[in-house]
Amino acid sequence: MCDLCVINSVKNRMLSRRDFFKATAVGAGLAATAAATGAMPAMAQTPTKIADMTHELYETFPTFGGEQQFFKEKLVDFAKDGYNLFNLTYNEHTGTHMDAPLHFSEDGQSVAEIPVENLVAPLCIVDIKAKATENADAQVTPDDLKAWISANGAIPDGACVAMNSGWGVQVLTDKFRNADENGVMHFPGFHLEAAQMLMEEANVVGIAVDTLSLDFGPSPDFAVHYAWLPSNRWGIECIANLDALPASGATLVVGAPKFRGGTGGPSRVMAMV
């Protein structure tokens, strides 16, 4: 480990680099080598603000299986050592996170293999809060997608379609998992027919839900996972703050982790609008 002298040296270099980047034009700052870039996705519109679509991750964050999946161990303390350092242990599918194609396929893209241009996407938010209030097992159906299209126009190429069921407000309570006496969970998700419609009729790169699963809670077979992810499309589970955005016009940016062979991982997700 580096001692205090090395740390101070690193800080000085970081300050110098900050000054450099402050003096660099935005366009030049976005430039990169051809090997590291893809075609720039179309922005939904010129953004004027950014919304955080990510729940804070902590040790007791609700999980699909009900068991703790995030652990934090402090290895170095500022008062004693001059800096802080934690060791993190977590399940890939914890908190606001990505499901990569490899999660439900034998040879789909790992989280590191998803093209970076597919992680910036026009965001289409399908609001099913009314029916989710009446029925915890509500699902996004083809009729919901058709209603969105009727109100907002065609789903843009390269889009992410997100379900807004209003479930995110329950994240600090047992209602987020909503398990019954038999352990069966009840929360909204996508219907298989809606996923198939998006695969067949739209050029969509991902779907997102404000619940613990792309499939609705009592799904017996993960039908949406098995249909959607093997097509080399991704999913986001436990997305937050969908009410802060319009039904169309925002652009989603997914800060997915990039580790070899990963089936997903906690992600910092944001939207520009």
Side-chain angles (χ1 to χ4, degrees), residues 41-42 44 64 93 97-111 113-115 117-132 134-167 184-239 242 247-248 250 252 254 256 263-264 267 269:
F64 187 87
H93 300 274
H97 68 275
M98 166 171 279
D99 280 7
L102 187 60
H103 185 35
F104 268 73
S105 61
E106 184 176 359
D107 57 359
Q109 292 170 341
S110 73
V111 70
E113 293 170 331
I114 297 172
E117 60 266 28
N118 286 358
L119 299 177
V120 179
L123 181 61
C124 307
I125 301 176
V126 179
D127 191 325
I128 65 164
K129 292 196 297 289
K131 67 179 184 180
E134 297 179 358
N135 177 15
D137 296 332
Q139 298 177 73
V140 175
T141 66
D143 285 343
D144 294 314
L145 298 179
K146 291 173 184 176
W148 188 95
I149 292 169
S150 178
N152 300 282
I155 295 173
D157 283 347
C160 171
V161 176
M163 174 192 77
N164 183 4
S165 68
W167 217 252
V184 177
M185 292 178 290
H186 297 274
F187 53 73
F190 272 82
H191 193 285
L192 175 60
E193 291 178 358
Q196 290 172 331
M197 177 178 168
L198 291 174
M199 293 168 63
E200 295 168 0
E201 301 181 22
N203 180 24
V204 173
V205 297
I207 56 176
V209 295
D210 54 356
T211 59
L212 282 164
S213 177
L214 304 180
D215 288 274
F216 76 135
S219 170
D221 53 9
F222 296 106
V224 172
H225 280 80
Y226 277 113
W228 186 260
L229 296 177
S231 69
N232 271 342
R233 295 173 172 89
W234 47 259
I236 297 291
E237 294 170 337
C238 299
I239 196 169
L242 288 170
S248 65
L252 193 71
V254 183
T263 72
S267 303
V269 182

With the side chain counted from C-beta on, respond yes when I236 and M98 share a heavy-atom pair under 4.5 Å apart, and no when they do not.
yes
Identify every side-chain donor-acceptor pair in residues 186-195 under 3.5 Å, counting partners at least two apart or on other chains, and give the distances.
{"from": "H186", "atom 1": "ND1", "to": "D137", "atom 2": "OD1", "distance (Å)": "3.0"}
{"from": "H186", "atom 1": "ND1", "to": "D137", "atom 2": "OD2", "distance (Å)": "3.0"}
{"from": "H186", "atom 1": "NE2", "to": "D180", "atom 2": "OD2", "distance (Å)": "2.9"}
{"from": "H191", "atom 1": "ND1", "to": "E193", "atom 2": "N", "distance (Å)": "2.9"}

Who pairs with K146 by side-chain hydrogen bond (donor to acceptor under 3.5 Å, both in side chains), at least two apart in sequence or on another chain?
none
Could you tell me the separation between the NE2 atom of H93 and the SG atom of C238, rounded to the nearest 0.5 Å?
11.5 Å
Sorted by chain and number, sequence neighbours left out, side chain to side chain contact (heavy atoms under 4.5 Å, CB included) with N152 holds for W148, A247, S248
Side chain to side chain contact (heavy atoms under 4.5 Å, CB included) filter on D144, not counting sequence neighbours, yields V126, I128, K131, V140, T141
Looking at every non-hydrogen atom in both residues, tell me the closest pair between A256 and V111 and how far apart they are.
CB-CG2, 4.1 Å
Can you list the residues that meet the side chain to side chain contact (heavy atoms under 4.5 Å, CB included) rule with E201, with sequence neighbours excluded?
M197
Measure the spacing between CG of D221 and OH of Y226 and express it to the nearest 0.5 Å.
9.0 Å
Heavy-atom check, side chain of L212 versus side chain of E237, under 4.5 Å:
no
Could I get the full list of side-chain hydrogen bond (donor to acceptor under 3.5 Å, both in side chains) partners for S267, not counting sequence neighbours?
none
For A121 and A159, which heavy atoms make the closest approach, and how far apart are they?
CB-C, 4.0 Å
Quick one, F64 with M185, criterion side-chain contact (heavy atoms from CB on, under 4.5 Å). Give me CA distance, side-chain angles, the key distance, then yes/no.
CA-CA 9 Å; F64 187 87; M185 292 178 290; 3.4 Å; yes
Where do V204 and W228 land on the side-chain contact (heavy atoms from CB on, under 4.5 Å) test, with the steps shown first?
CA-CA 11 Å; V204 173; W228 186 260; 3.9 Å; yes
Quick one: side-chain hydrogen bond (donor to acceptor under 3.5 Å, both in side chains) partners of D107, sequence neighbours excluded?
none
Residues two or more places apart in sequence or in another chain: which of them pass side chain to side chain contact (heavy atoms under 4.5 Å, CB included) with S105?
P230
For residues 207-216, which residue pairs pass the side chain to side chain donor-acceptor pair (under 3.5 Å) check, not counting sequence neighbours?
S165-D210, D215-H225
Counting only N and O atoms by type, is there a donor-acceptor contact under 3.5 Å from the side chain of N232 to the main-chain atoms of P101?
no
Test I207 against R233 for side-chain contact (heavy atoms from CB on, under 4.5 Å), laying out the working first.
CA-CA 8 Å; I207 56 176; R233 295 173 172 89; over 6 Å; no
Any side-chain heavy-atom pair of I155 and P122 under 4.5 Å:
no
Measure the CG-CH2 distance between L229 and W234 for me, rounded to the nearest 0.5 Å.
11.0 Å
If you take all heavy atoms of A223 and S219, which pair is closest and at what distance?
N-OG, 4.1 Å
I need the I239 CD1 to C160 SG distance, nearest 0.5 Å.
6.0 Å
Write down the atom of A138, the atom of F216, and the distance for their closest heavy-atom approach.
O-CB, 4.3 Å
